[in-house]
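Bear in mind that the values here come from a model prediction, so they are computed numbers and not experimental data.
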Amino acid sequence: MNFTSLFLSVMVNIFVVLLLSPLFDGFTRKVRALIQSRVGPPPLQSYYDILKLMGKEDLKSTINPLFRFSPYLSVISIAMASLLIPVTGLNPPFNFFGDIFLFIYIITVVGIAIIITASASENPFAYVGASRKMMLHLSVEPILAIALITGAINAGSFKIGDIVSWYHLSGPNVSMLLATVCVFLSLQALIGKIPFDISEAEQEIAEGVLIELSGPKYACLKWANMARQVLFCLVFSQIFIPWPITDSLILNTLIALFKVTIIIFISTLIESLNPRLRIDQALKYNLTLAGFSLTAIFLALLGV
Amino acid sequence: MEYLYFSFLSLTLGALLTALIRNKIGSGVLAVLFTSISAVLLIDLALDVLFNNKIFEEEVFSLLPLLNASIFIRVDALSALFLLIVAIVSFCVCLFSVKYISSYSQSSLSFYPPILSLFASSVGLVCIKDLLFFILFWEMMTLTSWILVVFEREKKQALKAGLQYFIATHVATAFLILAAVIIYSYSNSFEFSEVYKSLGNILVNNSLLGNFLIFCFFIAFVTKAGVLPFGFWLPNAYPQPPSSASSFFGGVMSKLAVYAILRFFLSVIPLSSTTEAWGFVIAFFGVISIFIGTIAALTQDEAKRLMSFHAIGQVGYMLLGIGVGIYFIHISPFLSVIALTGGIFHAFNNSIYKSLLFLNAGAIFYKTSTTDLNRVSGLIKVMPLTALAAMVGALSIAGVPPFNGFVSKLLIFESSIWSARVNEALFLVKGAFIIFGIISIFISAITLASFLKFINSAFMGKFKEEDIKGGRLSWSMTLPQIILATICVVTGLFPSVPIKFMYDAILVSSKINLPDFNQVFSADIAGIGINYCQSCLSSGAWYPLFIISSTIMLSLIIFSFERYAGAKIREVKTWYGGKEHTPEEVIYTGHSFYQPFKEIVSFKVGGIYFKGFYPSEFPPLKFAFPKWITKIIQPDDWFYYPLANLISKFFDRMSNFYERLNRYYIFWFVLGSLLVGILVFYFYGGKL
């Protein structure tokens, strides 16, 4: 990969994940409004929200320096994670610099940033939210890890680009399909939407981790949440359904955006038609799913 | 080479001199002086060995006419690595102790001399190449550390933990001695190379005995390393000594057991297709301690106990790496090199951040007199640097990039999962190794959770002013933490240099031809790529520098964005949903974290309460002999007490009798004189 195409694909990835994510959020709001028989906000409303919040007063309830720093870390680490996902072709821009474990851990850093923000804000509601967020994360992370490892065993490499290339070339097999199903079933938990938005439950703990945030910090974390939605939909669509891929960079990006739109539509349907789970129910669901997804690894070991 | 003797001498001298000084600060300064001399010498020696790939060998002293044993020193890359660890951690621990020990009421006489001799024995242990003196140093290490465990003799808990520690480690040493004696009867020499030869013979001729000997070594080392279920003593013993000593225990002493496993399995036990199966055993017990140790740590509310459980879990990671390495050393040398490198690198990293975390706990104890996470909060306001260091330590132990724990964990995960691609291995073994890998990935998230709990409840949250003693921490307590945290960050950012060292350590100590460094790792200053076989290109990779540089660029963009938006900052009070609360009312204590998850992993089996898979409460033991046995083994009831009662009754009666008659002593007197008169009269026959 030469420098121009590397630069282009970095730009495209960051553009899709960070700059287009409010648009996708606007799309979900529109879909939700339609389901609930409302007119709903204009599609660009999420951009307006972020811009408005950026200029709002920044309320500071603590002198903890981490409180100032960590909201930005969440946006940055999502941007970093997006560089490990292929959007413009078979290989992600940073294929050479890290593998699936780096990806999993960068996703973890997003969670850490939010948890540290919450606990640095000194609010007990935020602490409850942080505790729930961590539990949710540690129960859902193994599912993604197992699915990616299934790909790695099949492809014989830990790099995401190699996994996607192999999958694109050799077509679906049983173990990868099973892994795909598992990732799909855990997608809502990965995104952190209903029924798994337990750490930000508005009615219960007043947005939990976000309670003390305002102004640019709140905008940052809101943006990070939107970007996370697009990021995990991209993970699902580009790694586990890597078809069709053409030679053209623009066409590939458009196909990726189309797939993401469909997945976000499905996820919004699930979100607006389901109630929120309790944390213990969510934990049991995720851990059972993780145990079940181990089957995919054994199938991959058998070579099917 | 002389540097080694000088540093050993300086530590011993330090131990002797500090034993003479009663003044706490004085002996502390003296101890720092001697440890810093030895640390400088050791670091110089170790770096010389590591960079120039040298091996120092020398026979210092021989017991030859008596026994075929000698102090045979050999410093190779593996020893040098551990010397480096000992030097860094011992210096940090001593510097930290100067102020810290003065907060205890106990005399410094029971702290500095034992801990300096502990340093000296660890230096000896990693350099010796003779089984008898290895056991001698091993025993010295155990005894000196035991004195530190029972540092607070008034505490019943400390004495109990000390007893457990003493018994457990001495049973382990007994196994070691047994193995040594059996081997000596075959080899007639204690030197490692002779032992290697005769063990090879034993394994060929009498494989049962050979495997029993390996079993003895295995039991001895894993007990000391604290691998579950042999390490039951560890969570009780490690929190007992002062935090600076715990820091050396958790950081170095349990890693020395890992060193012993590496040394024995790589250069003392001949690895053939039969002994390689021990790799699986090591990995299996490693995973058990990863799983149970770390999940049990999540349920702990006391900082030092939490870290002790993590010491168990982290040793498990090393053993997983080493076990995979030993199992595949002939089948797939590429994989084996990566796994062993990961194991040693994890031992190195762990010793740095684990001692750092124990020092953080010590700083908390120094300020608040407690390490109970339910009673401390908001300490970032009094010790910001400690909080920062604890943050680095926590993220390192959780294996978050770009800190050092990530690199070594990456190697361990990938090597255990890559066993799926090794066609020669059995299907079930491959499956088991993959399950091990996945468990360790899952547990890595749990490690993160439990250390976020530590950080969140100790350093974040509302600050309680009244519990704090004094002002800011003195530099002598902050500096060691900063040093260790810096090492964590630097080794994480530039992993290629330490990985070369780890590779050299394996190459030098093992007696098997292993692939070249450049074939396995494609390393440069930016990071490393990993090859798992000869034909494939790099299949795993970690280039921290690119990630870091782009992170810095992005964060600059976002910060400038905030600057551009120019939002006003206003200080407000915490919002409790419209109610007024005092800070004490709303503190979210450490115990409250992860309650639903703790409920999932806690259960009861047959009266034993398992808290995070670790048995925490046992039912009272009910055990009865048949009645006649109880009677026989208790002669008190049927023999002694009746007899004693009888005798004492008799004497009581006699004394009563005497007392009663006592009043009539004149009567007695008269009666007596009469009797005497009668007798005299009788004997002389009336001829008076």
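Within a 6.0 Å radius of NZ in B/Lys381, other residues, nucleotides and ligands contribute more than 12 heavy atoms. Around atom CZ of A/Phe292, no more than 12 heavy atoms belonging to other residues, nucleotides or ligands sit under 6.0 Å away. Within a 6.0 Å sphere centred on CZ of A/Phe7, other residues, nucleotides and ligands contribute 12 heavy atoms or fewer.
Between chain A and the residues B/Pro401, B/Pro384, B/Ala387, the most heavy-atom pairs under 4.5 angstrom are made by B/Pro401. Note: B/Glu414 leads B/Glu414, B/Lys430, B/Arg421 in heavy-atom pairs under 4.5 Å with chain A. In terms of heavy-atom pairs under 4.5 angstrom with chain A, the leader among B/Ile417, B/Val400, B/Ile528 is B/Ile417. Contact tally against chain B (heavy-atom pairs below 4.5 Å) for A/Ile104, A/Ile279, A/Val128: the top residue is A/Val128. By number of non-hydrogen pairs under 4.5 angstrom with chain A, the leading residue of B/Met391, B/Glu599, B/Lys453, B/Gln595 is B/Met391. Across A/Ile116, A/Val109, A/Thr108, the residue that shares the most heavy-atom pairs under 4.5 angstrom with chain B is A/Ile116.
For a residue to count as touching a neighbouring chain, one of its non-hydrogen atoms must lie under 4.5 Å from one of that chain's; by this rule A/Val10 does not touch chain B. Only the side chain of B/Ile435 comes within less than 4.5 Å of a heavy atom of chain A; its backbone N, CA, C and O stay farther away. For B/Leu545, no part lies near chain A; criterion is any non-hydrogen pair under 4.5 Å. The contact between B/Ile441 and chain A is made by backbone and side chain atoms together, counting heavy-atom distances below 4.5 Å. With a 4.5 angstrom heavy-atom cutoff, A/Ile149 touches chain B only via side-chain atoms. Proximity to chain B (any heavy atom under 4.5 Å) is restricted, for A/Leu294, to the side chain, taken from C-beta onward. Heavy atoms of A/Ile100 lying under 4.5 Å from chain B are absent altogether. Interface remark: A/Leu102 contributes backbone and side-chain atoms alike to the contact with chain B (heavy atom separation under 4.5 Å). With a 4.5 angstrom heavy-atom cutoff, A/Ala145 touches chain B only via side-chain atoms.
With values rounded to the nearest 0.5 angstrom, A/Leu301 atom CG is found 4.0 Å from B/Ile434 atom CD1. Atom CD1 of B/Ile455 and atom OG of A/Ser119 lie 9.0 Å apart (nearest 0.5 Å). Interatomic distance, B/Ile446 CD1 to A/Ser139 OG, rounded to the nearest 0.5 Å: 10.0 Å. A/Ile112 contributes atom CD1, which lies 5.0 Å from atom CG of B/Leu395 (distance to the nearest 0.5 angstrom).
Taking both residues in full, the closest heavy atoms of A/Met134 and B/Ala449 are given as CG-CB, 3.5 Å, listed atom of the first, atom of the second, then distance. In plain terms, the two heavy atoms of A/Phe101 and B/Phe406 that are nearest each other are O-CE1, 4.1 Å. Nearest heavy-atom pair, A/Asp99 versus B/Ala541, reported as atom, atom and distance to 0.1 Å: OD2-N, 3.0 Å. Across A/Pro142 and B/Phe442, no two heavy atoms sit closer than the pair CG-CD1, 3.3 Å.
Using a 4.5 Å cut-off on side-chain heavy atoms (C-beta onward), B/Phe597 and A/Leu138 make contact.
Checking side-chain atoms of A/Ser131 against main-chain N and O of B/Tyr594 turns up a donor-acceptor pair under 3.5 Å. The backbone N or O of B/Pro596 lies less than 3.5 Å from no partner atom in the side chain of A/Asp280, so there is not a single donor-acceptor pair. In this structure, the side chain of A/Tyr127 engages the main chain of B/Asn456 through a donor-acceptor pair within 3.5 Å.
Donor-acceptor pairing under 3.5 Å is recorded for the side chains of B/Ser444 and A/Tyr105.
Centroid-to-centroid, the aromatic rings of A/Phe158 and B/Trp418 come within less than 6.0 Å.
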